[in-house]
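One-based numbering, in listed order, for ligands and for the atoms of each. Remember, it's a predicted structure, so these values are computed and weren't measured experimentally.
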Amino acid sequence: MKKATITIDRLRIIATIDNRIYGSFIEHLGRAVYDGIYEPTHPMADEDGFRKDVIQLVKKLNVPIIRYPGGNFVSGYNWEDGVGPRSERPTKLDLAWFTRENNEIGLHEFSKWLKKVDSEMMMAVNLGTRGADEARNLVEYCNHPGGSYWSDLRKSHGVLEPYAIKTWCLGNEMDGPWQIGHKTAVEYGRLANEAGKVMRWTDPQIELVACGSSNIDMPTFAEWEATVLDLSYDQVDYLSLHNYYGNPTDDTPSYLAKGIEMDEFIKSVVAICDYVKAKKRSKKKINLSFDEWNVWYHSREADQFNERWQFAPHLLEDIYTFEDALLVGGLLITLIKNADRVHMACLAQLVNVIAPVMTKTGGKAWCQTIFYPFLHASLHGRGVALQVNVDSPKYDCTQFTDVPVLDAVAVWNEEDKTATLFVLNRSLEEDLDLSCDFRSLKASGVLEHIVLEHADLKAVNSVENPDNVVPVQSRGASLAGGRLSCVVKRATWNVIRVSTKV
Ligand code: AHR
């Protein structure tokens, strides 16, 4: 069996991880909200119409922040339609997804749901069809204590205390021609600056995320980031990145190496942020919010044939394979490796729409394959991210050369006195004999070795067979003199947890 070694040095700290990198996203899209989190006629619905089974699964994922209400949807959304008496709320055409929105769920209902799942809102404002005025009104409505038109309106809607929403996205994917109110970098940069300015004047506590590119392949990528930041640097705190991954040509060796592409994307955006910082002689550092990332390709073709103006249709309902879960694990490793600059990230999305949690309308809720790596990272990936030295065989594939078969990162939780090693074996053929040097952490025992494995790369979970791809506990790992030994099987996601004496 081929060998791989990993050395961990507890002094090689990347950063203390901002837990918000385990964020997610709920958009008014397809069955994410209606027939997803909210289904008042479901036997498991609570007093507010929210599905308790979905709440339970979302709580399990321990998601600290959830982006809302879009996505493309937000660029045509009037937030005022979703507040006030429900009987007076209008039904409108949503031009982002060509569906109908009845506004039964809006800001207050979603906030209520967030409390039930112990999460916080990352609120996006509409900079597609609207501008600075509506954005600052929304901040005033949400965050101002009272004594002004919008804050008193909130109170009249029954919410006396301000929400104190901290994180705000200045629009969504404004570089994309598909976006309602698509803009050039100069148009958007100016608008982000002016909207950000009045939002911050309304509530100086807020943090603002400007739109970066919709993906790394956008023709305007890099120039977009540089121009937007040049025009809005003093008003924004974060720059967003979005990217979806897929394996449409069934080239799994390249697919499993996509973490490299994500890493390059992050490093390039960091370089641009720092270039603008230098150019402006600024002391301020812009960090990153990777606020849309996931696998998305299975449902794209089917979605083209959707009839227009349906209410809560099945849209973007990718059914994820086992290999998708492996990639999601790899992408999580990349996010953790970049924890010094990526302070927020949102798995897009959370329920039914390209999601880890699925529901059958009137039926059960179930977990997709990708639920598990996200769960593991969210639960065990909190603390300090440590750089690891990986010595592993390498491979070449269509899209990359010299890809390490093992991808890994470690997280040390000083409070719990545990360390977790996340490991992806990208090889489709070879198990690896892994030796990991944990001496600097004074590792004293193996707590567990969780493995996500399956003989079929294309295996999926479903409502009928929800436990087809689920993690198992492996018994083979051993620790002697601070060195861990175990076998990392081919094509597996591994979570190796040890107790530490430091
Ligand atoms: O998450 C689905 C869509 O992907 C979002 O609405 C949009 O921002 C992105 O293009």
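- Neither side chain, Q179 nor H182, offers a donor N or O lying under 3.5 Å from an acceptor on the other.
- A donor-acceptor contact closer than 3.5 angstrom is absent between the side chains of H28 and W97.
- Taking all heavy atoms of E292, Q349, R67, H28 into account, the minimum distance to atom 4 (O) of ligand 1 is reached by E292.
- Counting only heavy atoms from C-beta outward, the side chains of I286 and K277 never approach each other to under 4.5 Å.
- The distance criterion of under 3.5 Å between nitrogen or oxygen atoms is not met by H242 with respect to ligand 1.
- In the vicinity of Y244, heavy-atom distances shorter than 4.0 Å reach the ligand 1 atoms 1 (O), 2 (C), 4 (O).
- When side chains are defined from C-beta on, V58 does not count as touching I55, because their heavy atoms never get closer than 4.5 Å.
- Set against the non-hydrogen atoms of G71, the atoms of ligand 1 under 4.0 Å away are 5 (C), 6 (O), 8 (O).
- Taking only nitrogen or oxygen atoms, main chain and side chain alike, W296 does not reach within less than 3.5 Å of ligand 1.
- Under the 4.5 Å side-chain criterion, counting only non-hydrogen atoms from C-beta, K285 is not in contact with C273.
- Each of T167, L114, I21, N19 was evaluated against I65; a single residue qualifies, T167, per the side chain to side chain contact (heavy atoms under 4.5 Å, CB included) test.
- Nearest protein heavy-atom contact of atom 7 (C) of ligand 1 is N72 OD1, 3.2 Å.
- Counting the atoms of ligand 1 from 1 in the order shown, those under 4.0 Å from a heavy atom of F25 are 1 (O).
- Between W97 and ligand 1, not a single N/O pair is under 3.5 Å apart.
- Under the 6.0 Å distance and 45° angle rule, R300 counts as a cation-pi partner of W296.
- In this structure, R308 is positioned above the aromatic face of F98, its NZ or CZ under 6.0 Å from the six-membered ring centre and within 45° of the axis.
- If you number the atoms of ligand 1 from 1 as listed, the ones under 4.0 Å from a heavy atom of E173 come out as 7 (C), 8 (O), 9 (C), 10 (O).
- At least one heavy atom of I354 sits closer than 4.0 Å to an atom of ligand 1.
- When heavy-atom distances to ligand 1 are checked against a 4.0 Å cut-off, N172 comes that close only through its side chain, counted from C-beta outward.
- For ligand 1 and E27, the ligand atoms under 4.0 Å from any heavy atom of the residue are 5 (C), 6 (O).
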